[in-house]
Amino acid sequence: MTNFAAPRKSLGQNFLQDPNIINKIVAGLGIKASDTVVEIGPGRGALTELIIGQAGHTHLIEFDRDLIEYWNQRAETINNLTVHGVDVMQFDLQDIIKTSDTKIKVIGNLPYNISSPVLFHLMHYAEFIEHQVVMLQKEVVERMASESGNKQYGRLSVMLQQRYQIENLFKVPPTAFFPPPKVDSAIARLTPLLDIPHPVSDQSDFEKIVKQAFSMRRKTLRNTLKGALGSEQIESLGINPSARAETLNVADFAALSNIYSEIKQTD
Ligand code: SAM
């Protein structure tokens, strides 16, 4: 048996130990023998052992130096396993994508302190990804999957739903981990949309408009979008400037972003 170092809190190390939950999470990715699978943060291998047995090739991205050493040793005898000992936020997934004939599948029980940045990092590669199955804090998954008009609906919901179909698969209690985290977790499956129904002409403008609109939830669009769009421009899209961001859908935000990009160019 391997003697692992104590779990590192700074790296969000809560290791899965419930075999039923582990099976359900991996099943959520629907791995085929021809698949290239990327696991972010394999830790001690709770998910990894199953993935390696099912996938054509498995890539691990791990930041903990002891775990990198452990996985490098394992990779010496497993020929369909590649280890990338780096911070996922610094890693260019193209290095893996270019080696794969098919779209890749991504899985990760993500450290909660960097879960949103990791999701936005992965978004850059959405066209090369078939599915992503991620474990996150339950509230974050609820926000991601929430529809307009709900309390949890916000910036994360709009930014992700413009690009992905999002499914809140199931909850995971703290008892499924060692050590148990203080919060409930949930599994989300993100499937990049093939024909994006509400395309945006400039991704950073979209980010800016959505962020600004939700910056003060109780204020109207007329107020929050001041400096970017005037009431007349908002109205020209059939959107009420007195409405609040939480009542708008993804199509509305895409329209606001696109008119903003257009105006910026003619200014
Ligand atoms: N997959 C394992 C499991 O389910 O038991 C471990 C999950 S644990 C919540 C998160 C894992 O991500 C740890 O192995 C940790 O070392 C790793 N990690 C933390 N920050 C990371 C980063 N920036 N880049 C890559 N891996 C990271």
Side-chain angles (χ1 to χ4, degrees), residues 1-29 31 37-55 58-75 78 81-96 104-125 129 131-141 169-190:
M1 221 180 104
T2 311
N3 282 325
F4 288 109
R8 291 194 165 96
K9 225 176 170 176
S10 62
L11 290 175
Q13 292 184 347
N14 300 95
F15 298 116
L16 276 166
Q17 56 174 5
D18 180 324
N20 290 328
I21 298 226
I22 291 168
N23 276 321
K24 264 171 82 178
I25 297 172
V26 176
L29 204 55
I31 302 175
V37 175
V38 177
E39 186 187 8
I40 303 169
R44 298 175 179 181
L47 303 169
T48 326
E49 301 296 343
L50 277 184
I51 298 166
I52 293 171
Q54 297 177 16
T58 304
H59 290 264
L60 306 179
I61 304 173
E62 177 57 67
F63 196 41
D64 180 306
R65 60 182 184 283
D66 295 331
L67 292 171
I68 295 168
E69 197 184 316
Y70 167 76
W71 286 110
N72 276 332
Q73 274 176 22
R74 293 286 311 276
I78 305 175
L81 180 66
T82 307
V83 182
H84 307 268
V86 288
D87 176 354
V88 62
M89 293 303 296
Q90 306 298 325
F91 185 67
D92 183 356
L93 249 74
Q94 280 298 349
D95 290 353
I96 296 173
I104 62 170
K105 292 182 176 173
V106 179
I107 189 164
N109 170 6
L110 302 178
Y112 295 150
N113 57 338
I114 59 162
S115 58
S116 296
V118 171
L119 291 175
F120 284 110
H121 183 61
L122 291 174
M123 201 188 263
H124 294 125
Y125 307 98
I129 295 176
H131 297 296
Q132 269 165 234
V133 168
V134 286
M135 163 116 71
L136 302 158
Q137 199 172 321
K138 190 184 90 189
E139 287 73 18
V140 176
V141 173
L169 294 187
F170 55 91
K171 274 192 282 187
V172 182
T175 48
F177 301 87
F178 168 77
K182 291 199 174 65
V183 295
D184 282 326
S185 307
I187 301 293
R189 179 165 52 211
L190 287 77

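Whatever order the structure lists them in is the order used to number ligands and atoms, beginning at 1. These values consider heavy atoms only, across backbone and side chains, with no hydrogens, waters or symmetry-generated copies. This chain uses plain numbering: 1 for the first residue, then up along the sequence.
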Taking only heavy atoms of Gly12 into account, list the atoms of ligand 1 that are under 4.0 Å away from them. 8 (S), 9 (C), 10 (C)
So if I count the atoms of ligand 1 from 1 in the order they appear, which ones are less than 4.0 Å from some heavy atom of Ile61? 25 (C), 26 (N)
If you count the atoms of ligand 1 from 1 in the order shown, which ones are under 4.0 Å from a heavy atom of Asp87? 22 (C), 23 (N), 24 (N)
In ligand 1, which numbered atoms sit nearer than 4.0 Å to a non-hydrogen atom of Phe15? 5 (O), 6 (C)
Taking atom CG of Leu29 and atom CD of Glu39, what is their separation to the nearest 0.5 Å? 10.0 Å
Only heavy atoms of Gln13, strictly under 4.0 Å: list the atoms of ligand 1 that pass. 13 (C), 15 (C), 16 (O)
Element-labelled atoms of ligand 1 that are located less than 4.0 Å from some non-hydrogen atom of Ala46: 5 (O)
Checking Arg189 side chain against Gly28 main chain: does a donor-acceptor pair fall under 3.5 Å? yes
Evaluate whether atom CD of Glu139 has more than 12 neighbouring non-hydrogen atoms of other residues, nucleotides or ligands under 6.0 angstrom away. yes
All heavy atoms of Ile21 vs all of Ala176, minimum pair found to be CD1-CB, 4.2 Å
Under 3.5 Å, N or O to N or O, is Leu67 touching ligand 1 that way? no
For Arg44, which part has a heavy atom under 4.0 Å from ligand 1: side chain, backbone, both, or neither? neither
Under 3.5 Å donor-acceptor, Asn14 side chain and Pro179 backbone: yes
Which option, Asn109, Ile21, Val88, owns the non-hydrogen atom nearest atom 4 (O) of ligand 1? Asn109
Of the options Pro111, Ser115, Ser116, which is the one that meets Asn113 in a side chain to side chain contact (heavy atoms under 4.5 Å, CB included)? Pro111
Taking a cutoff of less than 4.0 Å between a non-hydrogen atom of the residue and any ligand atom, is Glu39 in contact with ligand 1? yes
Can you tell me how far the CD atom of Gln132 sits from the CE atom of Met123, to the nearest 0.5 Å? 9.0 Å
Inter-residue atom distance Leu16.CG - Asn109.CG, 0.5 Å rounding: 5.0 Å
Close-contact set for ligand 1 against Pro111 heavy atoms, below 4.0 Å: 12 (O), 18 (N), 19 (C), 20 (N)
What protein heavy atom sits nearest atom 27 (C) of ligand 1, and how far away is it? Phe63 CB, 3.8 Å
Before signing off on this row, confirm whether Gly43 and ligand 1 have an N or O atom pair separated by under 3.5 Å. yes
For atom 17 (C) of ligand 1, find the nearest protein heavy atom and state the residue, atom name and distance (0.1 Å precision). Glu62 OE2, 3.3 Å
Any donor and acceptor pair, going by atom type alone, linking the side chain of Trp71 with main-chain N or O of Gly43 inside 3.5 Å? yes
Any N/O of Gly41 closer than 3.5 Å to an N/O of ligand 1? yes
Please verify the inter-ring angle class for Tyr70 with Phe4; under 30° counts as parallel, over 60° as perpendicular, anything in between as tilted. perpendicular
Which bit of Ile114 is near ligand 1, meaning a heavy atom under 4.0 Å away: side chain, backbone, both or neither? side chain
In terms of atom number and element, which parts of ligand 1 are under 4.0 angstrom from non-hydrogen atoms of Val86? 24 (N), 25 (C)
Distance check, rounded to the nearest 0.5 Å: Met89 atom CE versus Ile114 atom CD1? 6.5 Å
